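Below, all heavy atoms of this structure are taken into account, side chains as well, without hydrogens, waters or symmetry copies. In what follows, chains carry the letters A, B, and so on, assigned in the order in which the sequence lines appear, proteins first and then strands, with residues in each chain numbered from 1. On a predicted model such as this, the values are computed, not experimentally measured, just so you know.
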2 protein chains.
Amino acid sequence: MTELLSTTYTRADEAFDCLQTAIVKGELAPGEKIGELELCSRFNLTRGPLREALGRLESRGLLVRRPHAGVKVVSVSASELMELYRIREVMEGLAARQAAERMTDQEIADLRATLDTHERMIDEAQGQAYYQAEGDYDFHHRIATGSRNTKLAQMLLGDLYYMVRMYRYRLSTSTGRPQRALGEHRRIVEAIAQRDGELAEFLMKRHINAARQNIEKKIQEGEISI
Amino acid sequence: MTELLSTTYTRADEAFDCLQTAIVKGELAPGEKIGELELCSRFNLTRGPLREALGRLESRGLLVRRPHAGVKVVSVSASELMELYRIREVMEGLAARQAAERMTDQEIADLRATLDTHERMIDEAQGQAYYQAEGDYDFHHRIATGSRNTKLAQMLLGDLYYMVRMYRYRLSTSTGRPQRALGEHRRIVEAIAQRDGELAEFLMKRHINAARQNIEKKIQEGEISI
DNA sequence: TTAGTCAATATTGTTGACAATATGACCACT
DNA sequence: AGTGGTCATATTGTCAACAATATTGACTAA
């Protein structure tokens, strides 16, 4: 997942991917102290590559390390999750604007097709949470890369999305508003297709803001807890 | 610089800091292939901690690594530098808005004091580029942390600023508009002091946008090149 | 002369052993 | 009984040797 372009795949890369998905899927509980040798036996790794992977994950903020004290998965509060959405709002707004300016017609066609399959999944499967999340992730992923802003895509795909997905898995509940979200996605795509960057930015910001408020409400109502 | 709070300072942290500053200061030329043992002898390190530091730096996008092929400092084009400023614009705009909502009165007072010393430096030293850059960095640093948005501050301080500083060193020229920048800084601080988040965000975005256009103009005029 | 292949080499990736340190229990002391 | 300190232990940080691979150069054939 890290460098698919690379010819070889080092053990450190393997360790990084294993740990990252394990953290995202919640298989490694946050706050729990976890030893290196335990991780080694669990993922069939040796300590060298493991430590290198731990360094990368720490650098990305997915876990914290105290010298000689071990490593634990980062535990984030509800307020911090809300802060993540504030960041997404401005960064993905920028991504949408630049995507409107730079995406190829082919990419836009693919994006539309993505939304069609997403719609089918919602109809057929009554919008199972997992596929909803994947569809949503795919949409935002395409816009991030479509921005042609290398660093922006790197920060969104390499940092923010993993944290957001971590919470999606942990809450094990989707936004619960698939039709509405799909409609918002469609309007964003239309703005991009019309090369209206300003409108695309506005719609994307409003879209993420709505998602944030939706989660905030659920948390306040006690439906979900972190 | 990485974890000053931590009681102990591991060799890997040392390696990370050494390499990072070396990259930022341009002592390690971008694009140049550089061997691990050479780095070891140069910074009095062993390969273990060095490799861990290399992993972190790669994760932060300061260098690229190809398996069995070595590591080289990332070389970024002028257009990519401009993209960095686009990201800064939206992210620091958010930081300024949240700082206006959350900074303590003491922090705001300190921020004002920072600008005063910055003004003195400009007057006395006729604005030597290095101190200008440091003063500017300090200003943006305080607002990032003042946002109380952990992830936002982490991304700004841990990712973007190092890349921007890298270019500052490489161009070895400041923005060349110290007085104007100082005035913009002052207006941002006043907006924060009045707890006007919306205005602070607007002014910060305009400030960074102006800096970007300034550099863009210089590049087009051929004054500086990358 | 040039292109391609093959092997030698140097560099990176990995592994296991050694040293340093934080944690936790136990005991003495207040 | 509570607190403070000390010591044993287990875990992490570090190091040096080994294995695997990309690069470089020479050599051969077209």
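- The aromatic rings of A/F139 and A/H185 lie parallel to each other, with less than 30° between the two planes, well short of the 60° mark.
- With sequence neighbours left out, A/H141 forms a ring-ring contact (aromatic ring centres under 6.0 Å, His included) with A/Y137.
- Judged as a salt bridge (Lys or Arg N to Asp or Glu O under 4.0 Å), and not counting sequence neighbours, A/D110 has no contacts.
- A donor and an acceptor atom, one from each side chain of A/H118 and A/D136, are nowhere located under 3.5 Å apart.
- No side-chain donor-acceptor contact under 3.5 Å links B/T46 and B/R11.
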- Task: Heavy atoms under 4.0 Å is the rule here; annotate nucleotides 10-18 of chain D 5' to 3' with B where the base is hit, S where only the sugar-phosphate is, and - elsewhere.
- Result: --BBBS-B-
